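Excluded from the calculations below are hydrogen atoms, water molecules and symmetry mates; all remaining heavy atoms, backbone and side chain alike, are included. Model, not experiment: these values are computed from the prediction. Along the sequence shown, residues carry numbers from 1.
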Amino acid sequence: MRLRDLIKQVRAAKTAAEERNVIAKESAALRRAFKEQDSTYRHRNVAKLLYMHMLGYPTHFGQMEALKLIASLGFPEKRLGYLGLMLLLDERQEVLMLVTNSLKNDLHSRNQLTQGLALCALGNICSAEMARDLAPEVEALLSSHNPYLRKKAALCARRVLRKVPDLLEPVAELAPALLEDRNHGVLLSGVSLMLDICTQAPAMVAAFRPLVPRLCTLLRSLTGSAAYVPDVDVGGLTDPFLQVKLLRLLRVLGRGDAAASDAMGDVLAAVASATETQRTAGHAVLYECVLTILAVESVGGLRVMAVNALGRFLAHKDNNIRFVALHTLALVAAADPAAVQRHRGTVVECVRDGDASIRGAALELVYALVNEANVRALTAELLDYLERAADRAFRPQLAEKICALVAKFAPDTRWYVDAMAKVLSAAGDFVRGDDAVSGLIKAVNDQPAIKGYAARTLYAALAQATPALAPEPLACAAAWCVGEAADQACVSQNNHKSPPALLDGEPRPLTTTPEDLLGALRTLLTRPGASEALQDLTLTALAKLAVRLPELNPRAAELIGAYQRAPQPELQTRAVEYTRLERRGAALAAAVLEPIPPMDGEAADATTSAGAPASADALGASSGDPAADLAALLGLDDGAAGAPVVDPLAALTGGGTSSAAPAPAPAAPAHDPLADLFGTPAPSQPSLTVVNAFNKDGVRVTMEVKPSADGASTELLARVSASAPGLTDWVLQAAVPRFATLRLSPPSGTAAAPGADITQRLHVVNSQAGKRPLVLRLRLKYRRAGREVLEQAEVSGFPSGV
């Protein structure tokens, strides 16, 4: 059967089963023919074998027939044999070694077509052993007088060098001579070979730099109307493939060398200004020219021309071109953000694009362009789009970026509160509550003067969104702020109280009464689907509301008391604690539930509840012992006098009991909390231990352990290092067991690169030091090469006593 008849039968098959029957019959016929050593129709049988291979059927039984065709004298048979060799075999086949001698003979053939077949096959499937054996023949053909063979030899040499890098030096000596050829195919293959050599051996870049003038001459000859060559014309451009390769080689040779960069400056400017961009070929050449200008040591005017060219790409209708421009501008913005700022409006418009990939790339670029000077304008535009964005899948990404921007570049805390209130209102439940709400709460807590403003602003946003339907992140933030500053959130109170003072320029908010605040918290506590975290925050806010606004005490206590039998253990515990606290008297409740002091120690009044003087309550005078007072508060002292009292903290951590009147402990040396916060050295320098916490994909986290002088706490210095640039948006979260407490200081930065590490201090107090080892659980979040990474790690192996 001829190949044409086989194709007709396969196409005529109506089902897969019929096709398999046709192939099975023909395979049987081919096996018989191969077994009979039929040399007359061997080339026809191999052709049918190749057709069956392209259909996906097994053809291993005929591989040797292709090798026999290579050894034949006729060119048609040899051509079909080489085709079978490249399609049916690969470099892992041991049988491939049988063809090495045939390849060597064909490389010495007097027929250039036969030599070209051998070079083509060698460049596609040669192994390391074949490359070593046939490298002298390939090097000899690199110096051939035939342009056809020089082109084939250069392309084959690329494969040989990848398999055997030791052969690079003799090939590198012959490669520059290819640039003197007038044949475009030889020039293209020669430039490609030099690019491969520079990639494999960076030391050869310096040896090739003297060729920059010749490369510039070649590139200039390809530009302009006088350079028209019909054979290589593509869309009105003369050989854009060669232009692209030349620009890439110039980029490699000019990087880090001022002299080479100056030599190519004129031709790069000519290509950037003269390239026609009406077709895809022109866009490709201009894009490579822009990358070359940005990579070499070019002058400022040339860089401005490159950035403007990318700006023209942003206005193109083709989404692929716009995406490439956005990605390249993001790389430029990392090194020179000022050059990209003039295209800021166009980039923001791309955030509103209908294509999801364009929106994502534009959002990354906007994030790179934001600074302290333009954060207000860019955030306002992003917030405006966030409120109208129809793509629900894009809103979480947009909301996350806005939260990161306002947290990083906020000019002041008041503006930060306003921006976060808009984000939490507009983005709904798309905002990640853990990161956004905790950051907002910390910022407000560190500025006591802004607490009242934050409470009024967030309550207004909550009331506008309706407490029963408001997004949970907004509800959590509003509940916390209202609890902390309820007395300052009420704009219209009873007659015997004066309204709170508003900040300069603050618009007068809507009239808010204590009953409004209580009603909002009641709705948040009882609304369907409320999470346990929101209910927990709301219970605490109600307890503080009763202290800040005493007239609400009975109704708040009633709401809290209803949760003493809640099914959730955490809610039940909170309700029981706050109910007992309310019964002990207003003085003790006011001391326990007073506003939280700033974490950075900058409170106007440094006195905390722990340092407040003990006052008489419903139980009588305070004992002065914090453990006994806490036991009384929790109702654990109802036994007879002198009975052992269970320490609730010891019960949680596995400890025992303590007597009702414990003996006073020896006085500990005075400890300065500012020493832990700012790293002030102690009188005696403790030993330093380094623990490996995380090491993956070039990102490494180590922890330097530094116990305090009195042994009461431990300071861990987390050091984040990256083996390559590109690590950004670093966030470290940590958790410790119940018997330990942890305080995290802000990191030194959010981006790491070689030689530029991120450091962050962790202050740990282990109540069971020496008895139970310390274990940390880390949650690492960062971006690497534009991709968000989320990792977890468990850190142990700390020294004993930590």
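For Val10, the side chain to side chain contact (heavy atoms under 4.5 Å, CB included) partners at least two apart in sequence or on another chain are Leu6, Glu19, Val22, Ile23, Tyr51, Leu55. Every residue meeting the side chain to side chain contact (heavy atoms under 4.5 Å, CB included) condition with Thr328, not counting sequence neighbours, appears here in chain and number order: Tyr287, Leu291, Leu294, Leu310, Val324. The side chain to side chain contact (heavy atoms under 4.5 Å, CB included) check on Glu137 picks up Lys104, Leu107, His108, Leu134, with sequence neighbours excluded. With sequence neighbours excluded, the residues that form a salt bridge (Lys or Arg N to Asp or Glu O under 4.0 Å) with Lys163 are Glu91. Listed by chain and residue number, nothing satisfies the salt bridge (Lys or Arg N to Asp or Glu O under 4.0 Å) test with Glu77 (two or more places apart in sequence, or in another chain). Residues passing the salt bridge (Lys or Arg N to Asp or Glu O under 4.0 Å) test with Arg303, sequence neighbours excluded: none. The ring-ring contact (aromatic ring centres under 6.0 Å, His included) check on Tyr82 picks up nothing, with sequence neighbours excluded. For Lys78, the salt bridge (Lys or Arg N to Asp or Glu O under 4.0 Å) partners at least two apart in sequence or on another chain are Asp106. Not counting sequence neighbours, the partners of Gln112 by the side chain to side chain contact (heavy atoms under 4.5 Å, CB included) test are Gln115, Asn146, Tyr148, Leu149.
Of all the heavy atoms in Leu187 and Leu179, the pair that sits closest is CD2-O, 3.5 Å. When all heavy atoms of Val307 and Ala339 are compared, the closest pair comes out as CG1-O, 3.3 Å. Between Cys156 and Leu122, the closest heavy-atom pair is SG-CD2, 3.6 Å. In plain terms, the two heavy atoms of Ile70 and Ser102 that are nearest each other are CG2-CB, 3.9 Å. Minimum interatomic distance between Ala135 and Val160 (heavy atoms only, all atoms of both residues): CB-CG1, 4.5 Å. The two residues Gly81 and Leu69 have their closest heavy-atom pair at CA-CB, 3.7 Å.
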Start with the C-alpha distance between Val271 and Glu288, add both sets of side-chain angles, then the distance that settles side-chain contact (heavy atoms from CB on, under 4.5 Å), and finish with yes or no. CA-CA 10 Å; Val271 173; Glu288 290 295 335; over 6 Å; no
For a side-chain contact (heavy atoms from CB on, under 4.5 Å) check, start with the C-alpha distance between Arg251 and Arg248, then their side-chain angles and the critical distance, and finish with the verdict. CA-CA 5 Å; Arg251 181 159 70 242; Arg248 289 181 181 176; 3.6 Å; yes
Take Asp196 and Leu161, measure what side-chain contact (heavy atoms from CB on, under 4.5 Å) needs, and give me the verdict at the end. CA-CA 8 Å; Asp196 279 10; Leu161 294 184; 5.8 Å; no
Let me see the working for Val699 and Glu791 under side-chain contact (heavy atoms from CB on, under 4.5 Å), right down to the final yes or no. CA-CA 11 Å; Val699 179; Glu791 298 283 354; over 6 Å; no
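More than 12 heavy atoms of other shown residues, nucleotides or ligands fall within 6.0 angstrom of atom CZ in Arg214. A 6.0 Å sphere centred on CZ of Arg132 holds no more than 12 heavy atoms belonging to other residues, nucleotides or ligands. Counting non-hydrogen atoms of neighbouring residues, nucleotides and ligands closer than 6.0 angstrom, the CG atom of Leu73 reaches no more than 12 such neighbours. Environment of CZ in Phe61: crowded, with over 12 heavy atoms of neighbouring residues, nucleotides or ligands closer than 6.0 Å. Counting heavy-atom neighbours within 6.0 Å of His327 NE2, excluding the residue itself, gives a total of 12 or less.
Judged purely by atom type and a 3.5 angstrom limit, Arg359 uses its side chain to pair as donor or acceptor with the backbone of Asp353. In this structure, Arg783 contributes its side chain and Thr728 its backbone to no donor-acceptor pair below 3.5 Å.
Using a 4.5 Å cut-off on side-chain heavy atoms (C-beta onward), Leu218 and Leu246 make contact. Contact of the Ile321 side chain with the Thr280 side chain is not registered, since no non-hydrogen atoms from C-beta on lie closer than 4.5 Å. For the pair His343 and Asn308, the minimum side-chain heavy-atom distance is below 4.5 Å. Considering only heavy atoms from C-beta on, Gln9 stays 4.5 Å or farther from Lys25 through its side chain. In this structure the side chain of Leu141 never reaches within 4.5 angstrom of the side chain of Lys152, judged on heavy atoms. Using a 4.5 Å heavy-atom cutoff, the side chains of Val244 and Val285 are in contact. Looking only at side-chain heavy atoms (C-beta outward), Arg158 and Ser189 stay at 4.5 Å or farther from each other. Considering only heavy atoms from C-beta on, Leu50 stays 4.5 Å or farther from Thr59 through its side chain.
The pair Glu349-Arg352 meets the salt-bridge criterion, with a side-chain N (NZ, NE, NH1 or NH2) lying under 4.0 Å from an Asp/Glu carboxylate O.
Counting only residues at least two apart or in different chains, ring pair (Phe, Tyr, Trp, His ring centres under 6.0 Å) contacts with residues 180-221 are absent. Annotation: ring pair (Phe, Tyr, Trp, His ring centres under 6.0 Å) contacts involving residues 302-321, sequence neighbours excluded, comprise His283-Phe313, His283-His316.
Atom CG of residue Leu113 and atom CZ of residue Arg79 lie 9.0 Å apart, to the nearest 0.5 angstrom. In this structure, Arg787 CZ and Tyr782 OH are separated by 7.5 Å, a value rounded to the nearest 0.5 Å. To the nearest 0.5 angstrom, Leu188 atom CG is 11.5 Å from Leu178 atom CG. Taking OG of Ser192 as the reference point, atom CG of Leu249 lies at 9.5 Å (rounded to 0.5 Å). In this structure, CE on Met64 lies 9.0 Å from CG on Leu89, to the nearest 0.5 angstrom. For the atom pair Ile293 CD1 and Leu268 CG, the distance stands at 5.0 Å (nearest 0.5 Å).
Leu88 pairs with exactly one of Gln63, Glu65, His60 by the side-chain contact (heavy atoms from CB on, under 4.5 Å) rule, that one being Gln63.
No hydrogens or angles considered: a donor-acceptor pair under 3.5 Å links the side chains of Asn319 and Arg322. Side-chain contact check for Asn111 and Ser109: no donor-acceptor pair (N or O, by modelled atom type) lies under 3.5 Å.
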Contacts under 3.5 angstrom, residues 252-267 side chains, donor-acceptor by atom type, not counting sequence neighbours:
{"unit_1": "Asp257", "atom_1": "OD1", "unit_2": "Ala259", "atom_2": "N", "d": "3.3"}
{"unit_1": "Asp257", "atom_1": "OD1", "unit_2": "Ala260", "atom_2": "N", "d": "2.7"}
{"unit_1": "Ser261", "atom_1": "OG", "unit_2": "Gly254", "atom_2": "O", "d": "2.9"}
{"unit_1": "Ser261", "atom_1": "OG", "unit_2": "Asp257", "atom_2": "O", "d": "2.7"}
{"unit_1": "Ser261", "atom_1": "OG", "unit_2": "Glu297", "atom_2": "N", "d": "3.0"}

